[in-house]
Student: 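Take a look at this one; I'll ask things after.
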Amino acid sequence: MTDAEVYSAYEPPEADWLRVNFVSSADGSATLDGLSGPLSGSEDKRVFKVLRARCDVLVAGSGTVLAEGYRELVLSPERVKWRLDHGLPEVPVMAVVSRSARLDPTDPIFTRAPQRPIVVCAADAPADRQEALGGVADLIAIGDGQVDFAAAVAALRERGLRQILCEGGPRVFGDLIAADLVDELDLTVSPLLVGAGPGRIAAGHGSPGARPLELRHVLEAGGNLILRYLRGSSDE
Ligand SMILES: NC(=O)c1ccc[n+]([C@@H]2O[C@H](COP(=O)([O-])OP(=O)(O)OC[C@H]3O[C@@H](n4cnc5c(N)ncnc54)[C@H](OP(=O)(O)O)[C@@H]3O)[C@@H](O)[C@H]2O)c1
């Protein structure tokens, strides 16, 4: 597929849209040696980068940001050009979810950010941490004891951040499923057996019931299945 075809394969159906992107091994593991990178290949990365280029805000949980060593967002000149041609700012806003605001304000994800990042935390996260992070990021402090994801997503949309891409991790995804906020799951199934041990792509709180999905496309590249699911309707 050309790059233009990949972009158009991920056209969001609505202006307000929340998509989640994950890679999993064929036997359902979300990590290998504690990271997602070893499960991923160049074709999965290509979709990953297109999804980043298409979003207004990139959301990731603290577990993911710390484990995967997220830094400031950098897009290639071609992706920046695509964004500018489509009326978007050069890079998306980065939003990090940490229930307890346990993030280091001197981390490059904040200090080198090309756009002022956002921290999403619980309203009762320690005040000193909220204050320290308030110097380097906008805070959305919402929910008692845990993040209220429905309210947090509404707060992002109020800021004009309507195309939301969540790159996980499993706890954040579990919470988004429980709150019924997921419009799309982009999932690469990589041709690997990891075996017992690591967790799945969703973790944490249980959901009230299974949510139906509609399969929009299946791409195959290098033995990887690249799946795009949209929110389905329960009466199908
Ligand atoms: N396969 C993939 O595509 C993929 C994608 C992303 C991540 N990953 C992997 O997933 C792992 C990280 O995932 P994760 O699920 O730990 O983190 P996560 O979903 O990125 O973030 C954790 C969130 O859950 C909160 N949390 C942590 N422990 C909690 C608890 N006991 N009760 C309630 N909330 C809690 C955190 O708050 P605090 O900050 O207060 O702890 C934070 O808000 C990494 O190994 C990463 O490599 C894989």
Side-chain angles (χ1 to χ4, degrees), residues 18-41 43-49 51-52 58-71 94-105 107 109-110 117-130 132-133 137 139-153 164-179 181-182 184-194 197-207 224-229:
L18 189 154
R19 58 175 38 141
V20 179
N21 185 29
F22 270 99
V23 62
S24 162
S25 67
D27 59 344
S29 175
T31 55
L32 175 54
D33 299 330
L35 295 172
S36 62
L39 300 176
S40 176
E43 297 301 331
D44 170 54
K45 286 273 163 49
R46 205 168 155 211
V47 171
F48 176 93
K49 288 175 186 171
L51 294 177
R52 280 191 167 189
L58 170 57
V59 177
S62 59
T64 298
V65 164
L66 297 173
E68 307 268 348
Y70 274 49
R71 291 178 59 95
M94 180 78 217
V96 185
V97 181
S98 172
R99 184 184 43 135
S100 61
R102 56 161 179 136
L103 300 163
D104 178 357
D107 192 295
I109 204 169
F110 299 118
I118 293 172
V119 170
V120 179
C121 64
D124 52 2
D128 55 337
R129 290 194 200 159
Q130 289 199 43
L133 287 168
L139 253 65
I140 297 176
I142 222 153
D144 277 333
Q146 54 194 8
V147 171
D148 178 340
F149 276 88
V153 164
I164 301 174
L165 169 65
C166 176
E167 294 184 351
R171 261 182 196 283
V172 169
F173 187 34
D175 284 344
L176 291 173
I177 296 170
L181 292 165
V182 178
E184 174 172 334
L185 170 63
D186 301 309
L187 175 65
T188 296
V189 180
S190 70
L192 284 170
L193 292 175
V194 169
R200 304 167 46 216
I201 62 169
H205 305 289
S207 287
N224 294 277
L225 288 181
I226 300 176
L227 310 171
R228 185 183 185 207
Y229 291 101

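We number each residue from 1, following the sequence as shown. Remember, it's 1-based here, ligands and their atoms both numbered in the order they're listed.
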Student: What protein heavy atom lies closest to atom 17 (O) of ligand 1? Include the residue and the distance to one decimal.
Tutor: Gly63 CA, 3.4 Å
Student: Check contact between Ile201 and ligand 1, using heavy atoms of the residue and a distance below 4.0 angstrom.
Tutor: no
Student: Can you report which non-hydrogen protein atom sits closest to atom 45 (O) of ligand 1, along with the distance?
Tutor: Gly34 O, 2.9 Å
Student: Considering only non-hydrogen protein atoms, determine which one is nearest to atom 20 (O) of ligand 1 and report residue, atom name and distance to 0.1 Å.
Tutor: Thr64 OG1, 2.6 Å
Student: Between Pro170, Ala202, Gly168, flag the one that comes closest to atom 8 (N) of ligand 1 by a heavy atom.
Tutor: Pro170
Student: Of the choices Gly61, Ser40, Ser62, Ala30, which has the non-hydrogen atom that lies closest to atom 42 (C) of ligand 1?
Tutor: Ser62
Student: Measure the shortest side-chain to side-chain distance between Val47 and Thr188 over non-hydrogen atoms and say whether it is less than 4.5 angstrom.
Tutor: no
Student: Determine the minimum heavy-atom distance between Gly168 and Phe22, stating which atoms define it.
Tutor: CA-CZ, 3.5 Å
Student: I'd like to check which ligand 1 atoms, numbered from 1 as shown, lie under 4.0 Å from a non-hydrogen atom of Ala67.
Tutor: 44 (C)
Student: Hey, is Thr31 touching ligand 1 through its side chain, its backbone, both or neither, going by heavy atoms under 4.0 Å?
Tutor: side chain
Student: I'd like to check whether Phe22 has a polar contact with ligand 1, where a contact means an N/O of the residue lying under 3.5 Å from an N/O of the ligand.
Tutor: no
Student: Going by heavy atoms in the side chains, are Tyr70 and Asp107 under 4.5 Å from each other?
Tutor: no
Student: Closest heavy-atom contact between Val147 and Ala152?
Tutor: CG1-CB, 4.4 Å
Student: Any nitrogen or oxygen of Asn21, main chain or side chain, under 3.5 Å from a nitrogen or oxygen of ligand 1?
Tutor: no
Student: Could you tell me which atoms of ligand 1, counted from 1 in the order shown, lie closer than 4.0 angstrom to a heavy atom of Val97?
Tutor: 42 (C), 43 (O)
Student: Give the single entry among Arg171, Arg200, Arg102 that approaches atom 32 (N) of ligand 1 most closely by any heavy atom.
Tutor: Arg171
Student: Would Ala60 count as a contact of ligand 1 if the rule is a heavy atom under 4.0 Å away?
Tutor: no
Student: So, regarding Gly169 and ligand 1 (criterion: nitrogen or oxygen to nitrogen or oxygen, under 3.5 Å), is there a contact or not?
Tutor: yes
Student: Ser24 and Leu187: side-chain contact (heavy atoms from CB on, under 4.5 Å), yes or no, with the steps?
Tutor: CA-CA 7 Å; Ser24 162; Leu187 175 65; 4.0 Å; yes
Student: So, is Glu68 polar-close to ligand 1, with some N/O to N/O distance under 3.5 Å?
Tutor: yes
Student: Looking at every non-hydrogen atom in both residues, tell me the closest pair between Arg102 and Ser62 and how far apart they are.
Tutor: NH2-OG, 3.2 Å
Student: Which heavy atom of Gly61 sits nearest to which heavy atom of Val172, and what is that distance?
Tutor: CA-CG2, 3.7 Å
Student: Which heavy atom of Val23 sits nearest to which heavy atom of Ile201, and what is that distance?
Tutor: O-CG2, 4.0 Å
Student: Picking from Val97, Leu185, Val20, what satisfies side-chain contact (heavy atoms from CB on, under 4.5 Å) with Cys166?
Tutor: Val20
Student: Check whether any side-chain heavy atom of His205 lies under 4.5 Å from a side-chain heavy atom of Gln146, and answer yes or no.
Tutor: yes
Student: Please state which protein non-hydrogen atom is closest to atom 3 (O) of ligand 1 and give its distance, to 0.1 Å?
Tutor: Val23 N, 2.9 Å
Student: Pull out every atom of ligand 1 sitting under 4.0 Å from any heavy atom of Glu167, numbered as shown with elements.
Tutor: 5 (C), 6 (C)
Student: How close do Val119 and Ala137 get, heavy atom to heavy atom, and via which atoms?
Tutor: CG2-CB, 3.9 Å
Student: Does an N or O from Leu39, backbone or side chain, lie closer than 3.5 Å to an N or O of ligand 1?
Tutor: no
Student: Determine whether the side chain, the backbone, both or neither of Arg99 has a heavy atom under 4.0 Å from any heavy atom of ligand 1.
Tutor: both
Student: Where the side chain of Ser25 meets the backbone of Ser29, is there a donor-acceptor pair that is under 3.5 Å apart?
Tutor: yes
Student: Distance to 0.1 Å, residue and atom name: give those for the protein heavy atom nearest to atom 40 (O) of ligand 1.
Tutor: Ser100 OG, 2.5 Å
Student: Judging by distance only, is a nitrogen or oxygen of Val172 under 3.5 angstrom from one on ligand 1?
Tutor: yes
Student: Verify, without hydrogens or angle tests, whether Glu167 (side chain) and Leu58 (backbone) share a donor-acceptor contact under 3.5 angstrom.
Tutor: no
